[in-house]
Every structure is written in C-alpha cells, then in structure tokens.
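In what follows, a single structure is set out as structure tokens and then discussed.
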Amino acid sequence: MKPETFLYRLALVVMLATSLTMAFRSSARAAGMQEAGGAGPSFPCEKATTSVEKLICSDRSLSALDLEYSRLYGQRLQESDKPEAEEIRSRAKSSLQTRDNCANDRVDAASLKASELECLASWYYGRIAELSEMPSPAPAEWSPRFVAAVEIYIHPLWRMRDQKPVPEVYVRDPGADRFLKMSVETGAAQPANLDRSVSFYVYRNVAGSLTYVAEYRNLQAGPRYFFNKDGRLAAVGRRFGTRLPNGDPYVESETVFYDAAARETLRTLLAYEKGKITEPVKALSPPRLEKPSFNTFAAFFDARFKTANNPDPNQLGLCYLDLADGYGSFARILNIPAQPLDFYKNSIPPMNYSGLERSPASGVAQDLGTLDGKRVYSVNYPGDLHALLVERQAGRFLPVMYFSPFTKIDRLEIVKSGDRQVLGYSSRISGSGGQIDEWYFILDRGIPKSVKYRPAVEAELKKILPEHWDTRGGNFELRTLTFSSPIWKEEDARCCPTGGSVKVELGIKDSGFIVKSSRVEKSN
C-alpha cells in the first residue's frame, strides 16, 4: 500500500521539514526544546560561511538544537560498535542535503526566513529523534517536536525497533461501503480487487501514549490526524504535490494545531520546489485545511471503523510474489474466496501487483502431497510462473506464493520434522556467488505461514562467534533442519575462510524455528 509516484516520494523526503513557524517560536518550551540561554551552536559563528550556518547562528533556539544534536551524535558514536558507528555517520552525511535545502538563496531572504528557520528546526527534531531512545516519560500531548518526528516513531528504522507501534490497517471492503481491518504481521494484506479510493493506517501508542492516523486516497497521502493521550484532536496535517509550469515538482505541507476547546491556535504552510524550501505558489495551493467534524479519536473511530471486521482467516490467501525480474523479492497479495483446483489450472487470479499483468493462461498442476493434512499443489504456467496452493476447505485452495525461479527449482517439497511438516522452495540466484532464494511454510492453527530460519541462526551465531566473524551465507538442510557453514574471520578474503566451521541444529516450536543446539569447530 505504498504509493510509488515521484511526488509522493518527494513529499516523504520533505515531511520531516514540516512543523509550525509560530510553534517553533512561541512553543519551543512546551515542545521540550533545549532553551538557548546563550548555548550553542556546535561550531563558532564567527567562522560560519554557508547560508545554513548563518541561519543557525541567527536564532538562539536553533543554535541550541544544533548543539543538542551535535552532543547526541557524538555520544551515539562513542556508544556504538564499528559497523553501527559507520551506519550513523552514513545516515548523518546523507541527510545533510535535506538540511541544506532549508536555505534558499534564490528567494528574498527576508520574506522566507521564518520558513527557513522552521524547516531547519524540523530537520533537527527528526535527526534528534532518530538518535534518541523513546521519550520517557511518555508524552501526553503532541508537540511540534513530536509532529515533526512522527515518521521516526512509527516506521521500523534501525533505532527503537522493538518499541514501534504496529498499525491497524483499514481498507475499503470491495463492493461495500465499509472497511476491513487487515492483519499487518507480515505486511498489509490487501484484497486482489481492493477498492483503493481510501484507506487508513491507525497507529496507537506512538511514543508511548499518542495516536496517529495516516489517510490515503487513491494511493496518495491524504490528511494526517494527531490525537493526544486523552483522545483529543491535537493537530491535522496534509501534504500536497503537483508540478510547476516548468515541470519541476512542487510540494506543500500544511499543519494546524487545536487547543482543548477545539479552537485553532496555530497554522503554517511550507512549500518546496524540487525539495528545496521556497515561497508558496498561491495559484497552485489547494483550499485551506478545514476543521474536522470530530474533536476526539473516539468520534473519528466510530464514524469510520465501528463496523469494520477482520476477514475470516480461512478465506485469506496471504501470498508472496517472488519474481526473477530484478525488482523487489516479494509483495503481499490476497485473494478471496478459496477456489477449486481447476480454477487455478485454467486462469491466473487477479493480484494487487501492477507489475504482473498476464492474460488468463492454462497451467499444469503438480501434486506435492499434504501439509499437516492439507493438500498442496504447484501450478506451472507459461513463462515459468508458478503458483503454490494450499487447501483451505475441502477441495478449495488459496495460493501462498507465486514465484518464477531465478534458474531452476532446486527444491519444492514437503518434509516432516518431528511432529511437524515444512513446505520448502529454493532456487539458486544466478550471478550472486551461490546465493539461494528460499521460502518455507508451515501450518499455524490451520493457516499457512511463512517462516524463516535465518533470524534464529543469526541470533545464535552472534552468541557463539567472536565479534566480526561471520558465515557469509551457509547451507540449510531442510530434512535435518541443520544450518552449517565455514567461518570467515574479519581479515579473511572471500575465497579463504580460516575460522573453522559452525553447525546449528534447529527445531520447530509453536509457529517458527528455534535453536536446539550449536557447535563451533575451530581450525588448527
């Protein structure tokens, strides 16, 4: 459900540069911003040469933010190991261009300075949030600082991953004026004939206690709603993208804050041309954001999602699309309802993946046996496209995967391990030096589930191998559930591992792989 238009991606890039000018100036204390008091910036202002450096030096609060970021950046580098420190440096370097885009020498500085300062403050808010732990104690209200850094607190970035809220995804029920609540355990499942006119991502417990709702219309980012801990509407934001007469992309970000009496307190509009801050083009701007008809999250939720329900899991075909086409390895697809085997032999069902547009074609079915009592088939279509089907109801099937092998299929079978069975597929990826594309499925409470052994193996290797030693791949034997690999020391060339070998024996418990034992044999 990720929009792929250029303007949308540009809007995401500049999102962190969206806050409130008045909020930045008059609400800095409420936002938890470090008070200036003569503090900062992190560099001598008498040596400031760039427009951005001069802007930072011109504002006490912004100078304090620069100092806060600099101190936190240095602290994180000291606390991190070498790989993590390199990642921190790389992310900081790549984000500096976004910060530099907050200064615009081509436009009258006097008329644009407030927006430039606001843009810089929002950039610092985002970077500080990315380097920090989750706020403690949890905030009770949305401040400009949290609004500017909301994407840091909801997306699975490299920091605070275990504290990220899992969104509730509501999509339009095909053929009905109501919503379905979709599972996001492995991503947002979507019906193949999904009504894409409107959808919502609801994030509860953002930064501990806040609620954030992102609305999409026809795959484009729509309004964003921010609710305080008490459920009161705190702010509404919107991003708008179009093109200037010369063809350059143009993006506006508007945010409005409301007080406890639902009165508008602050509003600003930031504009970007090719990602660089600029003055708003009134002729292109959409109508101003109006106050919503609701004042609380409860009222918002009841009006839209009160009648939403989860689809019957027995009617879901949560599948993986794995095509040897040079693009992403998989996409989630969902087909409702389950169909007889002949349906798949005579056609390719509709999928919510625009990259695969095929005419109906006849396929040849191969019986792979049973997976914990459920029949399993592979259907091979022209063009080397395969559908992997698992029985859901008597005589009716749903796909768990569509794939096209990179070379030939090395494995497509069901293997018994103890009292469990595993459906496995693998194919070598040509030109990758022996890399293998592999998928494994088990039945979890009667529903097919994709499971991966590598997270369990990598966690075990981290415990038993010295730092900077690694396996660089390895081999997994499905029949014995055993992972084995040579060991490379940090200084080893790719050709020549000298650290010995490792073997990890796995098992299946509940709904995933677990480590039963491991052994390292060091070389002489």
side-chain contact (heavy atoms from CB on, under 4.5 Å) involving Pro287 - partner list, sequence neighbours excluded: none
Sequence neighbours excluded, the answer for side chain to side chain donor-acceptor pair (under 3.5 Å) partners of Thr307 is none
With sequence neighbours excluded, tell me which residues meet ring pair (Phe, Tyr, Trp, His ring centres under 6.0 Å) with Phe301. Phe297, Phe305
For His155, does its backbone N or O pair with a side-chain atom of Lys164 as donor and acceptor, under 3.5 Å? yes
Of all residues at least two apart in sequence or in a different chain, which pass the salt bridge (Lys or Arg N to Asp or Glu O under 4.0 Å) check with Arg411? Glu413
For Arg396, all residues meeting side chain to side chain donor-acceptor pair (under 3.5 Å), sequence neighbours excluded: none
Once you measure the plane-to-plane angle for Tyr425 and Phe403, does it fall in the parallel (<30°), tilted (30-60°) or perpendicular (>60°) bin? tilted
Listed once per pair and sorted, the side-chain hydrogen bond (donor to acceptor under 3.5 Å, both in side chains) pairs that draw on residues 366-377, sequence neighbours left out: Arg375-Glu391
Side chain to side chain donor-acceptor pair (under 3.5 Å) against Gln393, all qualifying residues, sequence neighbours excluded: none
Please enumerate all residues that pass ring pair (Phe, Tyr, Trp, His ring centres under 6.0 Å) together with Phe226, with sequence neighbours excluded. Trp142, Tyr212
By salt bridge (Lys or Arg N to Asp or Glu O under 4.0 Å) - contacts of Glu467 (at least two apart): none
Side chain to side chain donor-acceptor pair (under 3.5 Å) involving Thr480 - partner list, sequence neighbours excluded: Thr482
Could you work out, with salt bridge (Lys or Arg N to Asp or Glu O under 4.0 Å) as the rule, every residue matching Asp444, not counting sequence neighbours? none
Apply salt bridge (Lys or Arg N to Asp or Glu O under 4.0 Å) to Lys408 and list each qualifying residue two or more places apart in sequence or on a separate chain. Asp410
